[in-house]
Amino acid sequence: MTAAVRFEAVRKVYGRVVAVDRIDLSLEPGTFVGLIGHNGAGKSTSLRMLMGLLRPSEGRVFVRGVDVAASPREARKHLGAVPEEPSLYPYLSAKEFLEFVAEVRGGGDVGAALELTGLGADADRLIREYSQGMRRKTALAAAMLGEPGVLVLDEALNGLDPPSAARVKAALRRACDRGQTVILSTHVVETVQAVSDRVVMLARGRVVADERVSDIGSAGLEALFLQRIAETQPES
Amino acid sequence: MLRVSNSLRVDGVVPVCRQALVPLVLAALAVPLLQPVFLGFLHHPMDAWSEGFAQVLMRAGIFVIGWVALDLYSAIIRGEERAVLAQWPVDPARVVSFVTLQVAVRSWWLVPATGIVLSPVALSGESTRWGLGVFVLIGAWLMSLSCGAAVLLGAIAAAESEKTAPLLDLLRGNNPRAQAAFLYAPGLVLGLAGAVVVQASFGVDGALRGDLVAAATVVLPLPLALVGWALVPGLARSCWFDGTAVLAEIDARYASLESAEEALRVYLDGLVRFLPSRIGLYALKDLRHGWRSRRTLIVGAWILGMVGLAASWTAAAEGPVRALLVVVTSVLLVASVGAAMESDEPEFLRQVMPRETLTRGLARGVVTLAWVQPCVWPAVAGVGVRRGGTEAAWVLAMGLTATVLGAVLAAGCRSAQRRALAVYAPAATLGGAALAAWISGGLA
């Protein structure tokens, strides 16, 4: 079976700074992956390469077997993404923006996406009048439109009110059950523990742990995270 | 269209009308001021008009191309559409077509405004000549839009190509290599499209006499515009998405350099560093931030400064006047950076810049003075070699006068804050036109 996402010896270097150091990763369809790591661990850089917004210095990234750098448009057809700082059209309403995305994607239930993120009542207001949280909800709703094969969410639950966050998490879980792959980057270990099937930990640009959440146990994820982070610190 | 109608609904029609009509009103107001400078040939017998008309048409055409090239660069390379759409499976050909159309709508006034400036030719009885001139300007506008889009997309490919790497390394200075491709792309549009428009401008007289070759040069911008437009879809599909990754590399490169003091240095950094500390600190911040956020505009004005050298390189008596007109335009363009930064300068700069008007004005004035050097000296050198030291000194003095005018106008727009540029543009146009009229009178 073709992997939903594959990182093949991916390296990203800025001058002398190694942001991502030879990541090899393969994610199956229908998996909810929590991506955790401290600030500067390489999470956003990895996800931006997956979204096609950055190019690897070495290696390749595939989405459903499509090389993201070689076939950017084809790869994006399989992707729904919320970058760390989503960009939206300020002079469109959320409903108009989602209708536009649905047209680009070739379909999608705009009403359901608005309802899911709790934007229904504000759907006709211009995005420029929205709070940060509402903008993030709009970006989330747009990413989920048309049920793309892979959902990439970079800190996408930050700033959401608790009821909305709960609704979105449940919807993401259902998406996984339907065969979509979800990659959620977050600092919140509890979120990963609650919704993920698999956790990938990054430190200093490397994968330091890749485990099934069910194998870790209820109290173990945070401990494992801290242990692996400590192991990657250079000896003084 | 939805975005436009929403914007109209929320902001009203006043900003749109202002944007559409102000350039035309300004052009009409500038006609009496510009006529003695650019249309002096109207006082000669009609059969001696051809050279003068070709010269002014060429300048108008180059102005149109330069304006569109810079606007197109901002729209295609770093525009809002890229920020929003780069993550979606959009058809890049449609995106670039739409963005180019947006620029066309935004710059629609260029041909009517330049046509108004040239209108005394028609009013003096040469309406066919004027009509052909407007035709050349339409061709220049269309060609700069379509060929400009093609060149800018090509710049994305060039930014990462190993074949162009040696050339870009020669040009880039302290900038990342990919940035050099983007920095010089508008200049390349100006150079290529400008060469065609120069031919077309000088072909007008021949076309009026029935010379078919000359008529072909007048028409040439239109088929070239079509060729450029035909290239856009293919280039967009192969390059547009890559542009986002290239820009990310450039921005990351600048960001990774930010911590090192050496890497913070920009053009003329060393000069400002040795100013008295009272204004030196502020001037340094202003210089660095202005260079990073507005370097396309500044480099564009410098390229215009090189045009000043070309204009000065003649033994003809009117050479210094022509060179000075280019110098004044480029200097006022550079000075607009001060006004532009008033309209969108980041909070840190607002905090660090002095509150006292005089110190702030001095700091920003020193930075403007530093930036105008490449606008003034090429023309001064050209006039010095071809016409002698006295006239070169006069060009230098007028260049400095334009610098003071621009700096004072930019400082005066401070109170308008977010609308500073909207106030500066008409004020500088009228001030520049008045200075141009004075210059032409001074030499006459």
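What you see below is based on every heavy atom in this structure, not just the backbone, and it leaves out hydrogens, waters and symmetry mates. First the proteins, then the strands, lettered A, B, ... as listed; each starts at 1.
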Could you check which of Leu247(B), Val90(B), Thr244(B) has the highest count of heavy-atom pairs closer than 4.5 Å to chain A?
-> Val90(B)
Ser93(A) and Ile127(A): CA distance, side-chain angles, deciding distance, side-chain contact (heavy atoms from CB on, under 4.5 Å) verdict | CA-CA 5 Å; Ser93(A) 67; Ile127(A) 290 170; 5.8 Å; no
For the residue pair Leu153(B) and Ile156(B), establish whether any side-chain heavy-atom pair is separated by less than 4.5 Å.
-> yes
Okay, Glu160(B) and chain A: the region with an atom under 4.5 Å from a heavy atom over there is side chain
Which portion of Leu88(A) sits near chain B, non-hydrogen atoms under 4.5 angstrom = backbone
Can you tell which part of Val152(A) gets under 4.5 Å to a heavy atom of chain B, answering side chain, backbone, both or neither?
-> neither
Worked verdict on Arg48(A) versus Asp154(A) for salt bridge (charged side-chain N to carboxylate O under 4.0 Å, His left out) | CA-CA 9 Å; Arg48(A) 284 172 66 77; Asp154(A) 193 359; over 6 Å; no
Of the listed residues (Pro86(A), Pro148(A), Ala142(A)), which shares the most heavy-atom pairs with chain B below a 4.5 Å separation?
-> Ala142(A)
Identify whether NZ of Lys or CZ of Arg in Arg105(A) sits under 6.0 Å from the centre of the six-membered ring of Trp88(B) and within 45° of that ring's axis.
-> no
Is Arg177(B) salt-bridged to Asp169(B), cutoff N-O under 4.0 Å?
-> yes
